[in-house]
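Below is one structure; the comments refer to it alone.
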Amino acid sequence: MTLPAAGAAKKVFVKTYGCQMNVYDSQRMSDALAAEGYAGTDRIEDADLVLLNTCHIREKAAEKIYSELGRIRDLKADRASRGLETVVGVAGCVAQAEGREIIRRQPAVDLVIGPQTYHRLPEALRKARNGDKVVETDYAIEDKFEHLPKPRRSEIVGRGVTAFLTVQEGCDKFCTFCVVPYTRGSEVSRPVAQIVAEAEKLAEAGVREVTLLGQNVNAWHGGGPDGGEWGLGRLLARLAEIPGIARLRYTTSHPRDMDDQLIEAHRDLAALMPYLHLPVQSGSDRILKAMNRRHTTADYVGLIERIRAARPDVAISGDFIVGFPGETDADFDATLELVRTIGYAQAFSFKYSPRPGTPGAELKDQVAEAVKDERLQRLQALLSRQQRDFTAAMAGRVIDALIEKPGRQPGQRVGRSPWLQPVIIDETVGEIGDIVSVRITRTGQTSLFAEPA
Ligand code: SAH
Ligand code: SF4
Ligand code: F3S
């Protein structure tokens with residue numbers, strides 16, 4: 001194989017919005033483009049290909065893309081005046097949801113590609129470079145993961161000691177507020193062997209911590225090599241056996257898919273970190289029903305109790321939506337009450353954003369923006385207090401930290417606690433990739449400061 005001469009390689013600038021699945025996908029697309037001779041750059045003005053990997057979850061996220069594309073159009077014109085070609089691509093969930101409409105709104109866009117067709121990116125790129133406007137948003141029948149080039153070991157080395165690994169994609173749950181079932185399609189689980197092979201490759205390249213990803217990661221299921229049907233708990237047990245893999249996490253889970261096997265995995269697997277992101281959205285049964293979450297507040301509280309019984313030090317994190325249509329003061333108070341009952345280590349909260357094509361957007365009784373603002377503020381104040389208290393309770397404790405990278409100050413390194421908190425430690429304490437025992441001397445809103453134990 002002949003490599004392009006230094007400086008002659010084409011450059012790609014990738015910008016990623018939205019969830020961790022997009023982060024993983026951007027990495028896989030970059031790998032695919034590397035095989036086509038594209039080197040990554042973080043200087044957009046140098047890029048022969050600009051690729052935005054977009055998110056459609058809330059209106060603000062989606063609209064942000066168009067202002068970004070406006071800036072890119074100017075950049076493209078500027079480069080063209082210097083005789084340089086720039087291909088502008090839009091990938092991700094806005095691409096899937098809006099398709100050709102994106103090119104209509106911003107004609108500087110050459111290529112629109114949805115998440116199910118990333119393995120066709122090299123071909124689509126060739127067409128775009130020939131001057132065609134390309135829109136690839138069909139749901140492909142072939143397995144995109146199988147067809148995407150596998151990253152070479154040399155490419156993974158140096159990316160860090162933590163990695164994402166998508167094991168499940170799509171969603172069949174159709175919560176009435178959510179676009180994901182429309183942008184990511186129906187639930188698909190990757191086969192066990194494919195996941196194990198990818199995790200082994202990551203481990204060989206020095207990865208110590210793997211986070212399994214899925215829109216509904218705990219809905220993952222697959223035929224195991226023993227012929228039996230595996231759930232996520234069994235898969236985690238298998239991955240924990242891989243030499244080098246010291247820590248496992250998974251996100252995002254749906255309360256309805258937390259089965260006994262997975263709860264037992266929290267009890268039995270030392271490698272499974274005591275941290276669970278389990279969104280509930282609302283503490284009002286009436287609103288949960290209108291959202292089509294298909295569980296009650298009591299179900300959720302009972303579930304958390306069982307998980308805490310299995311793993312007493314598990315930290316719970318969640319997502320909340322305020323101002324879903326019809327949400328009254330009493331409904332919102334029930335959410336605050338649930339938050340007090342559970343006690344969250346961390347959480348994301350959002351104002352309801354009506355999304356075109358979802359049932360929620362059609363409902364009467366949309367909540368006024370000012371009411372949403374006020375509720376969001378109150379909820380976030382409570383959640384932020386809980387987070388600070390959770391962090392403060394770490395003071396004086398001796399914990400394990402995985403050393404991830406150099407710190408911002410000379411002489412420091414940054415590690416990660418089992419509960420996802422950054423841990424600032426002295427650089428004399430072990431090497432990057434080591435798990436070290438440290439004593440917490442001081443705490444911030446989210447960070448821990450530590451000395452060797
Ligand atoms: N599959 C996950 C969530 C994926 S979307 C689950 O079921 O929990 C991530 C988060 O975005 C959701 O948990 C929800 O809190 C928020 N979200 C989704 N649609 C939204 C909308 N229309 N308006 C506001 N927030 C939304
Ligand atoms: Fe969206 Fe609900 Fe599916 Fe989560 S479970 S991705 S919130 S439809
Ligand atoms: Fe956004 Fe798509 Fe993820 S809508 S949250 S990027 S699945």
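Each ligand, and each atom within it, is numbered from 1 in the order the structure gives.
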So, [X] versus [Y]: side-chain donor-acceptor pair below 3.5 Å or not?
X	Y	value
S26	N53	yes
Q421	T446	no
Q445	Q387	yes
T297	D285	yes

| message | Distance under 4.0 Å, heavy atoms only, partner ligand 1: which residues pass? | response | I57, R58, F177, Q215, T252, H254, P279, Q281, R293, D319, I321, F350, K351, Y352, S353, R355
Could you tell me whether [X] and [Y] have a side-chain N and a carboxylate O separated by less than 4.0 Å?
X	Y	value
R79	E85	no
D172	R184	no
E59	R355	no
R208	E404	no

| field | Metal site atom 2 (Fe) of ligand 2, protein N/O/S atoms found under 2.8 Å | value | 1
| List-wise, which protein N, O or S atoms are found short of 2.8 Å from atom 3 (Fe) of ligand 3? | C19 SG
| Of the options F348, Y352, Y344, which is the one that meets F320 in a ring-ring contact (aromatic ring centres under 6.0 Å, His included)? | Y344
| R105 to Y66 six-membered ring, cation-pi geometry met (6.0 Å, 45°) | yes
| message | Under 6.0 Å from the ring centre and within 45 degrees of the ring axis: does the NZ or CZ of R58 meet both conditions for the six-membered ring of F350? | response | yes
| task | Determine the minimum heavy-atom distance between C93 and P115, stating which atoms define it. | result | N-CG, 4.4 Å
| remark: By salt bridge (Lys or Arg N to Asp or Glu O under 4.0 Å), R234 pairs with (sequence neighbours left out) none
